[in-house]
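Scroll down for the structure; my scribbles are underneath it.
In this chain, numbering begins with 1 at the start of the sequence shown. Quick note: numbers below take in every heavy atom, side chains included, and nothing from hydrogens, waters or symmetry partners. Whatever order the structure lists ligands and atoms in, that order sets their numbers, starting from 1.
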Amino acid sequence: MRTIMPRKFRGRLCPVWYCVLFFIVWIFFSWVFFYTGEGATGDDNLESWFVDKEFPEGFHWGVATAAYQIEGAWNKDGKKESIWDEFAHRRPSPIKDGSTGDDACMSYDFYKSDVKILQQLGVRVYRFSISWSRVLPDGTTNSVNEQGVLYYRNLIEQLLSNGIEPMVTLYHWDLPLALQKKGGWLSKDSAKWFEDYSRFCFDTFGPKVKLWVTLNEPWVVSVIGFEKGDHAPGVKDPGVSPYIVAHHLLLAHAKAYRIYQQHYRKLQKGLVGIALNTDNFKAASGSKRDVVDRAFQFHLGWFAHPIFSKEGNYPGIMMDRIAMNSAMQGYNYSRLPSFNLDEIQFIKGSADFLGLNSYGTTLVSDDPDTVKRGPSYTNDSKVIKQANPYWETTPMGWQFYPDALKEILAWIRDEYNNPPVYVTETGFPDDKTMLEDRARINFLEESIRNVWEAIQYGSAVRGFIVWSLMDNFEWAMGYSVRFGLYEVDFNDPKRTRTPRMSAYFYQNVTQKNALSGV
Ligand code: GBH
């Protein structure tokens, strides 16, 4: 050292040591950012390492299911068919494994064992749905099926006596077949049908139910049911029907909300929201940020903008693009129906909370020539979705990017002036049944961490609800994928429910009201 060190630095700290010191400090900070995963998003939320992430007092931990996916008893005790009964009974079968929800988890018979496992999980809220054609077999209040009503009364009673709050979804995709025969959601009358059904449910169950979700994922109802036809009623009319259906769903939702506000809120003191699904969208390399915003507006904004934005109505970008494409395609009207001023006001503000259902992240880029390919919702959005080879792909084809929920919640916070949010669904699919479901635990851990961080940034998240309590009939995928914290043995006439490792993981979270430091 002595020989290479210039004379003037002798006896002092020489620049070489400065460099070494700087290098060590630099390595340390890179490690910190890498280790906590903060580097990827550029945040510097350093409190989040190693400590328990505590949630606000009274935070609503929960799990979710839906009637057609778990109940079975499709024609028992006076229940009549829904569009999903009819759809799954079609031959050739539109369901991947040819199965149906005829028996599913047999929760109609075994609801008490559902409540038992809810208790084990220690959740505060159970989100389930009412089968419309079980309580009103023909869809209207002209005939009420008392045995169906009794089933839900019993379930609610059982929940409350075990300290679990019911969160009731009025519509999780199973429209009474009788109403489908009158045109279903394409009919102008559908909003009124839903209003009457909602009023009936508020009247009948409202004294005991304080959390209501009007519709589950109107996007899926419109696009998967009427553009792609992979869900009931299996219509493939990509350019027109999805918009009409969505239009009626929005009016139906608002009618239910206003009825509650006028006649029930004072007495029943509950909250009424809607569950909207969106993926997280990220720009594919080479794409601009505006494609991300357009993707969000065409998915979440389609339904959230009319309800949660300051100005109401559909997102401007949807109205512009669909009007423009319709004109170029030779229509003399926009394929997107329009709301009049009264309707805009009626829908605006019609929710006490935004229910967010989200499962994955999608890379998006600009679709160059959408008009040529003809009228469709997907073409109107001018968005191409693609996979990222670096992200984990689930058996549903959805991709897992660890910061997804945080990014969506930030978008909602900015776009809609920070409304109260419940994460009404998120979950992780397996195509084999295994009790050691480490991938699901990892997914949940990341998702819960995301919600915690979003809350630190000011998001008004009130609850986190996992899809799903147990394996069930996964719509077009039948029983070929599993989402349950509990495994269900579908060969067993008792449909035994067995906890997976993720059930124990989640139990720990609900007990501590915190995510243990990782
Ligand atoms: C929910 O829908 C349903 O509410 C529930 O009944 C169902 O069982 C559960 O999820 C699991 O499927 O390919 O990355 O673009 C899910 C709605 C909409 C979520 C489309 C995934 C596409 C993801 N899905 N979305 S991606």
Side-chain angles (χ1 to χ4, degrees), residues 62-71 82 84 87-88 95-96 99 101 104-105 127-131 167 169-174 213-225 227-228 230-232 242 274-282 284 292 295-296 298-300 302-303 355-365 377-378 381 383-389 391-401 404-405 407-408 422-431 440 443 447 465-485 488:
V63 285
T65 61
Y68 186 70
Q69 296 179 272
I70 65 161
E71 285 178 2
S82 79
W84 265 95
F87 190 67
I95 311 300
K96 188 175 170 190
S99 65
C105 306
R127 175 173 176 239
F128 64 93
S129 79
I130 292 180
S131 157
M167 177 187 260
T169 307
L170 290 169
Y171 185 71
H172 204 121
W173 308 351
D174 46 356
V213 172
T214 54
L215 306 174
N216 182 66
E217 301 185 350
W219 184 92
V220 170
V221 176
S222 310
V223 177
I224 315 292
E227 171 174 311
K228 312 220 188 298
D230 293 338
H231 281 185
I274 183 168
L276 303 178
N277 65 293
T278 186
D279 306 336
N280 183 34
F281 298 105
K282 291 185 81 68
V292 170
F296 269 117
F298 266 81
H299 284 78
L300 185 58
W302 188 1
F303 301 94
L356 172 65
N357 292 7
S358 192
Y359 288 84
T361 297
T362 309
L363 288 182
V364 288
S365 54
Y377 157 79
T378 299
S381 74
V383 167
I384 299 182
K385 296 181 180 176
Q386 68 198 71
N388 183 331
W391 295 338
E392 186 183 346
T393 304
T394 69
M396 296 291 277
W398 310 337
Q399 291 205 295
F400 173 39
Y401 162 78
L405 265 183
E407 293 179 2
I408 299 172
Y422 283 80
V423 175
T424 32
E425 279 180 33
T426 191
F428 191 86
D430 272 334
D431 52 6
R440 181 172 293 111
F443 174 90
S447 306
I465 297 172
V466 176
W467 186 271
S468 177
L469 169 63
M470 59 189 163
D471 298 337
N472 54 49
F473 177 79
E474 178 49 37
W475 308 113
M477 300 295 281
Y479 299 97
S480 68
V481 290
R482 294 168 178 258
F483 280 86
L485 298 182
V488 174

Tell me: protein heavy atom nearest [atom], and distance?
| atom | result |
| --- | --- |
| atom 24 (N) of ligand 1 | W398 CZ2, 4.1 Å |
| atom 26 (S) of ligand 1 | D279 OD2, 3.4 Å |
| atom 9 (C) of ligand 1 | Y359 OH, 3.4 Å |
| atom 14 (O) of ligand 1 | T362 OG1, 3.3 Å |
| atom 8 (O) of ligand 1 | E474 OE1, 2.6 Å |
| atom 3 (C) of ligand 1 | E425 OE1, 3.4 Å |
| atom 2 (O) of ligand 1 | E217 OE1, 2.8 Å |

>> Side chains of E425 and Y359, heavy atoms from C-beta outward: is any pair under 4.5 Å?
In response: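 Of all side-chain heavy-atom pairs linking Y359 with E425, at least one is under 4.5 Å.
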> What part of I224, side chain from CB on, backbone N/CA/C/O, both or neither, has a heavy atom under 4.0 Å from ligand 1?
Replying inline: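 Near ligand 1, I224 shows nothing, with every heavy atom at 4.0 Å or more.
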> Among pairs that include at least one residue of residues 467-479, which meet salt bridge (Lys or Arg N to Asp or Glu O under 4.0 Å), considering only residues two or more places apart or in two chains?
Replying inline: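 Sorted pair list: D471-R482, D471-R500.
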>> Can you tell me how far apart CG (L485) and CG (L469) are? Round to the nearest 0.5 Å.
In response: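 That separation rounds to 7.0 Å.
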> Are the side chain of E217 and the backbone N or O of L276 linked by a donor-acceptor pair below 3.5 Å?
Replying inline: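 Between the backbone of L276 and the side chain of E217 there is no qualifying donor-acceptor contact (under 3.5 Å).
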> Under 3.5 Å, side chain of S129 to main-chain N/O of A67, donor-acceptor pair present?
Replying inline: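 Side chain of S129 to backbone of A67, a donor-acceptor pair under 3.5 Å: yes, one is there.
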Would you say [X] has any N or O atom under 3.5 Å from an N or O of ligand 1, going by distance alone?
| X | value |
| --- | --- |
| W219 | no |
| H172 | yes |
| Q69 | yes |

> Under the criterion side chain to side chain contact (heavy atoms under 4.5 Å, CB included), which of D279, N388, N280 is the partner of T362?
Replying inline: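 The residue from D279, N388, N280 that satisfies side chain to side chain contact (heavy atoms under 4.5 Å, CB included) with T362 turns out to be D279.
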Which of the numbered atoms in ligand 1 are under 4.0 angstrom from any heavy atom belonging to [X]?
| X | answer |
| --- | --- |
| N216 | 4 (O) |
| W475 | 5 (C), 6 (O), 7 (C), 8 (O) |
| N277 | 18 (C) |

>> Evaluate N216 against T424 for side-chain contact (heavy atoms from CB on, under 4.5 Å), listing each step before the verdict.
In response: CA-CA 9 Å; N216 182 66; T424 32; over 6 Å; no
>> Determine whether T378 and E227 satisfy the following criterion, side-chain hydrogen bond (donor to acceptor under 3.5 Å, both in side chains), listing intermediate values before the conclusion.
In response: CA-CA 9 Å; T378 299; E227 171 174 311; 2.5 Å; yes
>> Using heavy atoms and a 4.0 Å limit, tell me yes or no: is M477 in contact with ligand 1?
In response: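 For ligand 1, residue contact (heavy atoms, under 4.0 Å) with M477 is absent.
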> Partners of F281 by ring-ring contact (aromatic ring centres under 6.0 Å, His included), sequence neighbours excluded?
Replying inline: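 Scan of F281 (ring-ring contact (aromatic ring centres under 6.0 Å, His included), adjacent residues dropped) gives F296, H299.
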> Quick one: are the ring centres of F483 and F428 less than 6.0 Å apart?
Replying inline: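 So the answer is no for these two rings.
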